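Below is one structure, written out as structure tokens; comments come after it.
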Amino acid sequence: MQTIFTPSILSFIMASDDLRATRLEKAEQLRQQGLQPYAYRWEVTHQAAMLQEKYAGLPAGEEVEVEVSIAGRIMARRVFGKLAFFTLQDETGQIQLYLDKKRIEVTMAEDTTAFDRLKQLTDVGDFLGAKGTVKRTEKGELSVYVQNYQILTKSLLPLPDKWHGLTDVEKRYRQRYVDLIVNPEVRDTFRKRALITAAIRRYLNDRNFVEIETPVLQTEAGGADARPFVTYHNTLDMDLYLRIATELHLKRLVVGGFERVYEIGRIFRNEGISTRHNPEFTSIELYQAYGDYNDMMTLVEELITQPAQEILGTLQISYQGQAIDLTPPWRRITMNDAVKEQTGVDFSQFSSLEEAKSAAKAVGIKAIDDCDSIGRLLNEAFEQTVEATLIQPTFITDYPIEISPLAKPHRSQPGLVERFELFIVGRETANGFSELTDSVDQRQRFEAQAARKAAGDLEAHDIDEDFVTALEYGLPPTVGMGMGIDRLVMLLCDCASIRDVIAFPLLKPEVTGE
RNA sequence: GGGUCGCUAGCUCAGCGGUAGAGCACUCGGCUUUUAACCGAUUGGUCCUGGGUUCGAAUCCCAGGCGACCCA
């Protein structure tokens with residue numbers, strides 16, 4: 001019998017640790033028996049959860065003479081002399097394989113090695129296909145009573161301890177595939193994430209919103225206060241920036257005649273990493289012509305409660321031990337009133353910055369030396385005193401114009417804009433406003449931004465001339481909104497860290513030392 | 001950026017100045033109703049890296065790496 005191992009592979013095996021070498025040897029033995037350790041296909045007729053559901057009422061000890069064919073990964077092996085129980089896991093769940101030496105040998109064309117092969121050449125981690133009948137064992141475990149089987153993929157590396165599992169968070173993030181194999185709740189989170197984004201898309205599509213993709217690579221990143229990633233285009237010989245928002249392009253689409261547009265896509269911000277920040281994350285932004293920020297707050301309520309109701313089946317959720325009631329309508333309160341409520345200071349009454357600063361200091365607002373306007377001071381006071389208290393869903397409205405360069409001036413309150421942010425569990429969850437449609441005003445706001453950038457503000461941006469030109473052609477009255485999908489999923493799936501809702505979060509490379 | 005904690009066998013962990021350990025997994029033997037199967041035997045190590053102190057360092061000290069959490 002010829003070996004398929006080349007000398008270099010053999011030396012690799014010899015140099016490998018025993019665990020891998022042992023399994024490679026088993027794969028080779030399979031080949032020598034004329035069997036393929038890496039099969040091409042397997043006809044699957046049933047999945048574990050289907051069988052568990054369908055035969056939930058099958059009494060212990062009874063067999064159903066139906067033929068089922070399943071496939072999955074071996075998660076546990078309990079092997080006796082002439083009998084074995086394997087736990088097989090597929091995408092839907094687990095089911096036991098009841099492996100009886102006599103039955104397997106009879107049905108597999110009197111193959112007297114078929115059972116021994118299972119005992120000797122399979123390991124936890126291997127993929128196996130199995131056909132047989134359905135039987136609930138004497139001990140009450142629903143099983144596939146196997147008639148024949150095939151090893152589909154030989155696994156070379158051992159899975160984590162079946163009892164303690166994989167708990168090392170670093171390893172879980174670096175080798176998410178292992179995390180997914182052994183931690184069912186992790187699979188569940190990503191499945192829910194997919195359902196949430198699907199529900200959001202369905203909600204918007206049903207209301208005639210059109211999803212349009214806008215550029216990730218841009219010559220100037222704008223639409224938010226954030227530092228961009230810089231990359232380089234070889235043949236154009238120029239720096240390009242990864243987008244920090246989708247806002248300015250989506251509004252161009254509204255100028256172009258799309259009255260309802262949105263985009264769910266990846267955003268990149270060159271900032272620190274924390275339990276709430278990953279350098280790349282997913283946002284949804286949507287724009288609706290002829291509406292204002294009041295309309296959008298109502299839409300946001302639906303956009304969040306519909307998926308919640310659909311996927312969780314309730315609006316009474318729990319986040320890290322805190323009870324959250326998502327039942328709309330949600331409280332709406334202006335930023336000024338919220339700060340007044342919390343501190344007793346009414347910032348709208350001040351006519352000078354000095355007056356406002358001393359009042360702020362008197363109630364313990366810190367680090368206000370850099371605030372160059374009452375509006376910025378109000379925002380600082382809000383962040384320091386109110387934000388963390390907003391546990392139940394709350395819309396904070398009517399923001400200072402200085403910190404909202406793309407929002408429309410308030411129709412009745414000078415110095416403010418028609419903007420809202422949604423807070424849940426003390427975190428900013430969504431941000432929306434009646435869009436600034438006056439191109440002259442927009443140019444002036446951009447110029448103020450550019451001045452801040454020139455003064456050293458790394459999160460400020462230059463004038464986007466083409467965007468101003470688009471506004472000059474005319475943007476209808478429009479309301480827009482942006483929301484972090486990752487944070488929404490964290491909320492709905494009760495995840496403490498953003499890394500729990502991103503399949504492959506950014507980590508520094510591991511130093512292997514080899 | 002600052003602070004606290006962690007890094008020891010494939011996994012989960014103990015050991016805290018004197019010969020590197022346990023459980024599970026692996027390997028071998030036994031076993032036709034197990035489900036953390038069981039019984040017996042065996043195997044497995046860059047104690048994150050690099051310096052230092054010491055007769056002797058996984059352990060103490062310094063620097064660095066990676067990660068977690070908290071703060072900014």
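These numbers come from a predicted model, not from an experiment. Below, read A as the first sequence line, B as the second, and so on, with proteins coming before strands; counting in each chain starts at 1.
In this structure, of B/A68, B/U12, B/C66, it is B/A68 that holds the atom nearest to the side chain of A/V169. Proximity note for A/D161 (side chain, C-beta onward) versus B/C66, B/C11, B/U33: the nearest is B/C11. Checking B/U33, B/G10, B/G23 against every side-chain atom of A/K135, the shortest atom distance belongs to B/U33. Of the candidate nucleotides B/C69, B/U32, B/A68, B/U32 has the atom lying nearest to any side-chain atom of A/K82. Nearest to the side-chain atoms of A/D168 among the listed nucleotides B/U32, B/C26, B/U12 stands B/U12. Comparing B/C69, B/A25, B/C66 against the side chain of A/S497 picks out B/C69 as the nearest. Closest contact between the side chain of A/H164 and the listed nucleotides B/G23, B/U35, B/C66 involves B/G23. Minimum atom distance to the side chain of A/T167 is reached by B/C13, of the listed B/A68, B/C13, B/A25. Side-chain proximity of A/K102 to the nucleotides B/A68, B/U32, B/U33 is greatest for B/U32. Candidate nucleotides B/A68, B/G67, B/U33 were compared by shortest atom distance to the side chain of A/R499, and B/A68 ranks first.
Not one side-chain nitrogen or oxygen of A/R77 sits closer than 4.0 Å to the OP1 or OP2 atom of B/A36. Residue A/K508 has no polar side-chain atom (N or O) positioned under 4.0 Å from OP1 or OP2 of B/G65. Residue A/T22 places none of its side-chain N or O atoms closer than 4.0 Å to OP1 or OP2 of B/C26. OP1 or OP2 of B/U27 has at least one side-chain nitrogen or oxygen of A/K26 nearer than 4.0 Å. Not one side-chain nitrogen or oxygen of A/R172 sits closer than 4.0 Å to the OP1 or OP2 atom of B/G67. Taking only side-chain nitrogens and oxygens, A/K101 never comes nearer than 4.0 Å to OP1 or OP2 of B/U32.
Side-chain contact between A/F229 and A/R269: absent, with no pair of heavy atoms (C-beta onward) separated by less than 4.5 Å.
Rounded to a whole angstrom, the distance from the P atom of B/A20 to that of B/G45 is 14 Å. Nucleotides B/G17 and B/G6 have their P atoms positioned 15 Å apart, rounded to a whole Å. Taking atom C1' in both B/C48 and B/A68, the straight-line distance is 16 Å, to the nearest Å. Across B/G18 and B/C60, the matching C1' atoms stand 14 Å from one another, rounded to whole Å.
Checking side-chain atoms of A/D123 against main-chain N and O of A/G125 turns up no donor-acceptor pair under 3.5 Å.
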A/F85/A/Y98 under ring pair (Phe, Tyr, Trp, His ring centres under 6.0 Å): CA gap, chis, key distance, verdict: CA-CA 5 Å; A/F85 301 95; A/Y98 180 31; 5.5 Å; yes
Check step by step if ring pair (Phe, Tyr, Trp, His ring centres under 6.0 Å) holds for A/F423 and A/F382. CA-CA 12 Å; A/F423 290 85; A/F382 170 76; 5.4 Å; yes
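Distance, A/R276 CZ to B/C69 C1': 11 Å, rounded to whole Å.
Of all nucleotides present, only B/U49 satisfies the Watson-Crick or G-U wobble test against B/A63, with each distance under 3.5 Å.
With hydrogens and angles left out, the side-chain atoms of A/T282 and A/R487 include no donor and acceptor closer than 3.5 Å.
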